[in-house]
Structures are given as C-alpha cells and as structure tokens.
Amino acid sequence: MAITTNRLKNDTCERDWIWEREVEAAPWEETRRLSVAAWERQFRRLRESSPFYARRWKEAGAGNSFVSLADLTQLPFTTKDELKQALDEDPPFGSNLCVSPDQAKRVYQTSGTTGSPSVLALTRGDMETWTVMGTRSYYATGIHEHSSVLTTFGAGPFVAGHTHFVLLRIGARSVPVAPGDTERVIFGLRAGLADTLLATASFAQYLANRLEKTDAEPSTIPLTHVVTGGEPGGGIPSIRDHIQNVLGVTVTEVMGIGDVAPSLFGECPHQEGMHFCGAGHVWVELIDPDTQEPMEIETGAVGELVYTALTREAMPVVRFLGGDIVRIEGTSCACERTSFRMRVLGRRDDMFIVRGVNVYPTAILSVVGDFRPRVSGRARVLRTSPGTSIEPPVPIEVEVTERHGSDDALIADIEDAIHARLTFRCQVTLVPESDFGEAGYKTRLTRNAPLPSGQRDER
Ligand SMILES: [Zn+2]
C-alpha cells in the first residue's frame, strides 16, 4: 500500500514525523561539517587518554600530526578481537577506556559468541547519546508518543536493553515482557495492551507461524506494527510479507552494533531500507569487504560498514569493522530524511563462496520463504569444511512442519528454485520444527557439521 503521509497507516497524529528535523533533514554537507568538528575533539582526546589508540596509531605510522576526518583512511581499522585484547590487558574495562573508571555509570556485556563475554562501559553522556540516536531510529519506524509498545528485549545484560530508555524518551507506552516468554507476548497482544511489537525477526516469524495455526483470524489481534531488530529477516521480502499478511501489520526494521550504538538505523514507513540515524555522533564509511578499499556510499553499492564514534566518551571506537555487509538502497527519501538507507545482506562471517561467487545465507532465506506454508521460513547452511569455499552441492537444512518431514517433491522444488535463482546446486535436508532448535530468538544462518574424528576444527 502506498504511503502518502510519511506515517504508518491509521496514524493521524499531528506531530512532526521526524524526531530531530534540524539534524535528520539537514543537507549532508552540514552533517559533514558537524562531524569534522566533533572528530577534531575526539582525535585529540583519544591521543591523550586512550593508551590503546595512542599505541596503535603510533605503530601504524600515523605520527604525531593531526589526522582529519577526510584522511581517516590513514588510521588502522579496529576489530572485535582487538577490543577483546584491550579488555584482557587492563581489566575490568580495558586499555581503550578513556575516562576514569568511576565515570563508567552503566556497563553492558556482549554475548561473547566465541570465548568469554566482553564489556561495554558508558558515561552519563554516552547513555544520553545512545538515547538520542535510538530515539531517532525508533521514531523513524513510526513509534510515536501515542504508540503502545510490547518489547521482548531484556533490560540487560545486552545493549538492546537500552531501548527502554528510548521508549521513555519518545513517550510511548511500554509493555516489557521477558525474552522468550511467548505465552505472555500472546496474552498481551490479544488483550490489546500494545499495538506495536519489538522483537527479533525470528521471533516475529515464529509468532506468525504459531498464530496462523491456532487462531482463525490472527489479523484481528489489535497489533498494527512490528519492528524487528537483532538480525536481518525483517528486510527479506518473503519473511516480511509473511509476518505482514498473517498478522495484518506493517513491518519495519531497526539495527545497531553493540560496540557503537544499540540502535543506529531505523526504517521509515516507506519501507525502503533503514535510515542512518547517527548523524553528528557516528561517522560511517563503506568499504569493499574483500580488499577493504573505501567505497562511495551511493545507491546500489554493496560493502561492509565501518564506524567511528565521534562523541563517545568512555569507549570510543575508530574505524570499527562492524561485520555487516549491506546494500545502499538510496541517499534520499520521500520522508525528507537526508541520510542514506540500507539493507543488511548478511554477516561477513556467514558469507561463503561457491565457485568464485559470494553467497549470503539471507539470499537462501528469501528463496526458501516462497515455499510457505510447507516450510516455516527458516533455513541454514551446513559447513562441512574449514574455510569459506563450499563445493556444490551446498548442504542446506530447511525447517518444515512435522507433516512435511519427508517430502521428496518439496526437496526437489527447493533445490531447483535455489539453482534457478542463486545459480548453485544444493542438497536440501528437511528438518522438522521440533529438531531445528533455537525457536523464537535469533536464528544462526550457518551450522558446523560434525567433523570426522581426529580432524582439527578451524571453522
Ligand atoms: Zn524515509
């Protein structure tokens, strides 16, 4: 349905649909000027108070002279592993802490998918900055003061908990439910406690699948808006359409990066990708994922986003490799925001190569989703060897309802569709919902197959 008002359908409120119009709708040159000035202060501060960056820049030969925002590419990238090393060499906050420990007023932990968790310290100023960027992002999705928001993001230990401050700032009604408490989510939605749901795409998809089975008309539940975050999915057409059609809602997406800001991108009701909402506080570069050479942020460009914290006090990152491969969808919008819009294609780590062609598992999801209702919409690639290359046929597990557990015709249809649309051969295994696991939160898009005994795992 065409949006003509820059608002969600049925939203008749009078408030501006842009939270901070003077920043979010400013000409890009003005944003750049603001960022140049902020970076000048940040650079000097880092050099004086961050042992981590002072040392790294010296090692990289950046010398003692000032490096301007335009010359940022002279400075080295920062990786997740390096931040972990910084933490290990000076616990509990790390050698990248730029303030005295008593100024750290809030501490989140990261999920630590490999090894022990990492910590993220925030000053009072950092908390405010995160709230500012988060408010722009969530307000952009159409969450306004009159919205009632059921959120499945816990208060902690993860940064998504910061969303509670954002909802308070917008002035929306907040209905917090613990992550994974499906029964209470369904109760809250049926009871009309909320018109908006914040969840991972996997959970929203799970909810749609479940209500499709149990309710004669799930779209009569008084839910009108689902905001997905934490993983791609909400931006994949087959997944988005399914959630929208079953629940009778509009789906928009938000995205953040733990080490930078929990919400940094928000999609407006035009549904054409997520707007960058960090202007003035975060500087973004786009690089070629293979060569790491800078790329122009222009419509159609595909690359990895790199982030520099311009105003962060406690733990600023400089040229942080976020690991998400995105496609730039546009650099202007009918909603009048002037920041670029993008969609996430997948994590760099999830990418694999089939006969020289890069493939992201999200592309597989968009093909598999078309086989609903025989499939649930979830699928993952099975990695059978170390390294990123996979020899076809690529092993893929597809989640199905119990009834289709051994449906040979379905297997053949999916294999053909993937070959036709993604041009590689695959071998599909159907996995019933009860065996697929991880229902309801985030879905890992690749899984390591067991290795023959005695072989070392380097995946
Ligand atoms: Zn827009």
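None of these values were measured; they are calculated from a predicted model. Both counts, for ligands and for their atoms, begin at 1 and track the order of listing.
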No-hydrogen, no-angle side-chain donor-acceptor test under 3.5 Å, Glu433 and Ser376: no
Side-chain donor-acceptor contact under 3.5 Å, Asp11 with His146: yes
Summary of ring-ring contact (aromatic ring centres under 6.0 Å, His included) pairs that have at least one residue in residues 8-32, sequence neighbours excluded: Trp19-Tyr139
Residues, nucleotides or ligands: over 12 heavy atoms within 6.0 Å of Glu145 CD: no
Ring geometry between Trp130 and His162 (parallel below 30°, tilted from 30 to 60°, perpendicular above 60°): perpendicular
Parallel, tilted or perpendicular: rings of Phe265 and Tyr307 (30°, 60°): perpendicular
Closer than 2.8 Å to the Zn ion (ligand 1) - protein N, O or S atoms, ordered by chain and residue number: Cys268 SG, His275 NE2, Cys333 SG, Cys335 SG
